[in-house]
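Both counts, for ligands and for their atoms, begin at 1 and track the order of listing. Sequence positions, counted from 1, serve as the residue numbers for this chain.
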Amino acid sequence: MPYRAPVADFRFLLDHVAGFDAVAATDRFSEATPDMTDAILTEAAKMCEAVLAPLNRAGDLHPAHLENGVVRTSPGFAEGYRAIAEGGWIGMSADPANGGMGLPMALTTAVNDMMSAACLALQLNPLMTQGQIEALEHHASDTLRDLYIPKLISGEWCGTMNLTEPQAGSDVGALRTKATDNGDGTYAITGQKIYISWADNDFTDNVCHLVLARLPDGVAGTKGISLFLVPKFIPDADGNPGKANDLRVVSLEHKLGLHGSPTAVMEYSGAVGWMVGPENGGMAAMFTMMNNARLGVGTQGIGVAEGAYQHALAYAQDRKQGKAGGTGSIIEHADVRRMLAEMKADTFAARAIAMMCACAIDMAAATDDAGWRARAAFLTPIAKAFGTDTGIKVASLGVQVHGGMGFIEETGAAQYLRDVRVTAIYEGTNGIQAMDLVARKLMDGGEAAKLLIEEIRAGAEAARASHADLAEAVWQAAEDLQETTDWLTAQDDLQQRFSGAVPYLAAFARVLGGHAHLAAAIHGDAGCARLATFYIKRLLPEVTGLLAHVREGSADLLAITPDDLAA
Ligand SMILES: Cc1cc2nc3c(=O)[nH]c(=O)nc-3n(C[C@H](O)[C@H](O)[C@H](O)COP(=O)(O)OP(=O)(O)OC[C@H]3O[C@@H](n4cnc5c(N)ncnc54)[C@H](O)[C@@H]3O)c2cc1C
């Protein structure tokens with residue numbers, strides 16, 4: 001089943017849901033005209049359909065492997081990577097001063113969605129580089145910026161992020177990698193990092209690692225961590241990669257999925273690195289990359305959901321089983337129709353949230369307004385967690401639609417599920433995203449949440465005249481969400497908040513999805529309206545149960561002892 005990029009869906013979300021007109025109206029993004037936007041989406045779609053999608057299976061069947069200490073990538077990945085680099089898709093949103101296109105993150109998000117659907121394992125490589133470019137733009141010295149960013153944008157070099165160590169996963173502050181001052185403006189980096197995505201390859205001239213490490217006087221925890229740029233080959237002043245650095249790929253992991261993406265154990269043995277950002281300010285600098293990657297990983301989930309949906313739809317249109325009526329295919333059965341509708345409606349909701357988040361990031365960049373920054377920060381964990389949870393749910397439903405054939409590898413349905421599963425784990429597990437939402441992102445007393453909920457209520461009020469039933473359901477869900485948000489912000493004991501963090505994030509995403517579907521009912525065709533009705537009448541009511549879960553707090557949950565669980 002060939003992948004068809006959903007260009008019309010992106011256009012619709014940009015025009016009617018995400019607020020892209022405001023982005024395009026700013027001086028900074030004035031080049032993002034409708035013609036330019038169409039050209040970008042259409043060109044990216046062509047590359048994803050024709051070049052990347054045919055590589056997906058090869059990545060799964062022929063994983064990246066280690067050969068004499070060098071990573072050999074899956075068949076066709078080098079050519080696929082070159083197409084991405086030559087198309088300029090890596091540096092779409094990077095600063096034009098360094099060779100980037102300076103386009104809105106909303107467009108990068110749409111392109112990342114298409115690339116993820118086409119070949120997730122390969123797309124993870126440029127996604128890491130995009131995040132690194134942004135981190136260097138904001139935190140690196142002029143010398144480092146000038147030397148590295150143009151090569152990263154052109155794709156000659158690529159970037160990685162190195163946080164995780166065996167004892168430091170979600171708790172990054174527990175890391176032990178050391179940095180010592182060489183006295184010549186460089187540092188010696190020593191330690192082991194694990195699970196490093198795309199730590200090496202056989203198609204770029206250099207690999208640039210952003211590594212978190214601790215200086216000798218760095219205090220314990222995250223406050224004593226600094227960030228270093230550690231290249232595989234040390235470049236000369238003209239950017240020619242020279243001497244090999246003292247680092248190596250020790251091994252590659254055998255994984256459930258995402259086989260085409262090498263996941264490495266890395267050993268740094270006094271490797272030469274350059275500090276990025278201030279001493280002990282590494283976490284703040286790395287957060288620039290992590291926030292970029294969080295939206296990017298949410299978008300990976302959405303892209304895979306799209307691919308899985310298209311596969312399942314084609315199968316359901318073809319497979320004959322039982323007295324189905326109509327075309328005689330299983331798509332005529334109510335339960336199969338239910339599964340496909342759920343897949344399509346949730347993918348639309350998750351994509352709308354990612355686009356809203358990207359537009360908020362763009363507005364923050366264009367206006368430097370604290371309100372836009374707060375909105376972007378609030379939406380980021382929701383976009384990450386709901387996008388990836390949706391990817392997993394939709395890919396799992398995709399297997400179900402296929403029946404037994406879904407469990408048989410040759411249909412490709414199972415690969416989507418295996419590949420996407422990690423997206424809820426890496427870049428901060430979805431549990432950690434939800435805790436961030438209810439703690440740090442509500443530290444403003446719930447102001448950013450309130451403004452979003454008010455916008456949803458206003459949208460519902462405006463829709464009452466034409467879509468009374470749907471508008472009332474969205475309005476009521478938003479009202480309930482505000483009440484629970486008030487309850488949460490009143491809880492000083494963080495355990496009270498954390499115990500319901502995941503259902504709160506899910507409820508917020510559901511309500512945002514209702515808002516987007518209501519807009520689709522108003523501005524879209526009759527098919528959009530029918531899908532919106534399905535979402536608002538059948539999926540949105542989940543909010544009631546989710547919010548009830550949140551408001552139970554922590555007492556009964558934590559009363560269940562570890563012994564109870566082990567009994
Ligand atoms: C394929 C793959 C690629 C990866 N790529 C990279 C990469 O490029 N760079 C990199 O640095 N890392 C990478 N990672 C690592 C990834 O980010 C971590 O696996 C992730 O952050 C979770 O850490 P952990 O595996 O140690 O799990 P743990 O932190 O041990 O978590 C286990 C469980 O406990 C929960 N948990 C942990 N702490 C808390 C808490 N305080 N409160 C509530 N729940 C908690 C988690 O949510 C999770 O459910 C990758 C991982 C994989 C599998």
>> Let's go through Thr288 and His139 carefully: what are the C-alpha distance in whole Å and the side-chain angles of both, what is the deciding distance for side-chain contact (heavy atoms from CB on, under 4.5 Å) to 0.1 Å, and is it a yes or a no?
In response: CA-CA 9 Å; Thr288 304; His139 304 287; 2.6 Å; yes
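Checked against the 6.0 Å centroid criterion, the rings of Trp157 and Phe203 do not qualify as a close aromatic pair. A ring-centre distance under 6.0 Å is not found for Phe386 and Phe508.
Those atoms of ligand 1 that come under 4.0 Å of a heavy atom in Met161, given as number and element, are 7 (C), 8 (O), 9 (N), 10 (C), 11 (O). Distances below 4.0 Å separate heavy atoms of Lys255 from the following atoms of ligand 1: 1 (C). Atoms of ligand 1 lying under 4.0 Å from any heavy atom of Ile425, numbered from 1 in the order shown and given with element: 20 (C).
Taking all heavy atoms of Ala501, Ala424, Ser170 into account, the minimum distance to atom 29 (O) of ligand 1 is reached by Ser170. If you check each of Tyr426, Phe498, Trp198 against atom 16 (C) of ligand 1, the one with the closest non-hydrogen atom is Tyr426. Closest to atom 18 (C) of ligand 1 by heavy atom, among Leu212, Thr263, Thr164, is Thr164.
At least one donor-acceptor pair under 3.5 Å links the side chain of Arg497 to the backbone N or O of Gln491. A donor-acceptor pair is defined here as one N or O able to donate and one able to accept, closer than 3.5 Å; such a pair exists between the side chain of Arg214 and the backbone of Leu175. Side chain of Asp202 to main chain of Thr73: a donor-acceptor pair is present (N/O by atom type, distance under 3.5 Å, no hydrogens or angles).
In terms of protein heavy-atom proximity, atom 1 (C) of ligand 1 is nearest to Val422 CG2, 3.6 Å. In this structure, atom 7 (C) of ligand 1 lies nearest to the protein heavy atom Tyr195 O, 3.2 Å. Among all non-hydrogen protein atoms, the one lying nearest atom 47 (O) of ligand 1 is Thr429 OG1, 2.7 Å. At the top of the distance list for atom 26 (O) of ligand 1, counting protein heavy atoms only, stands Gly169 CA, 3.1 Å. The protein atom (non-hydrogen) at minimum distance from atom 39 (C) of ligand 1 is Ile432 CD1, 3.9 Å. The single protein non-hydrogen atom nearest to atom 11 (O) of ligand 1 is Leu163 N, 2.8 Å, given as residue, atom name and distance.
We find that Lys393 and Glu342 are joined by a salt bridge, their nearest charged nitrogen and carboxylate oxygen being less than 4.0 Å apart. Remark: Arg57 does not engage Glu410 in a salt bridge, criterion side-chain N to carboxylate O under 4.0 Å.
Listed by first and then second residue, the ring pair (Phe, Tyr, Trp, His ring centres under 6.0 Å) pairs that reach into residues 419-448 come to none, sequence neighbours excluded.
In this structure, the salt bridge (Lys or Arg N to Asp or Glu O under 4.0 Å) partners of Glu156, at least two apart in sequence or on a different chain, are Lys151.
When distances from atom 32 (C) of ligand 1 to the protein are checked, no heavy atom turns up under 4.0 Å. Checking atom 9 (N) of ligand 1 against the protein gives a heavy-atom contact under 4.0 Å. Closer than 4.0 Å to atom 35 (C) of ligand 1 lies none of the heavy atoms of the protein.
For the pair Leu258 and ligand 1, no heavy-atom separation below 4.0 Å is found. Ligand 1 is approached by Met435 to a heavy-atom distance shorter than 4.0 Å.
Under 4.0 Å from ligand 1, the heavy atoms of Glu427 that appear belong solely to its backbone.
Residue Tyr268 is tested with Thr177, Asn245, Asn162 for a side chain to side chain donor-acceptor pair (under 3.5 Å); the sole match is Asn162.
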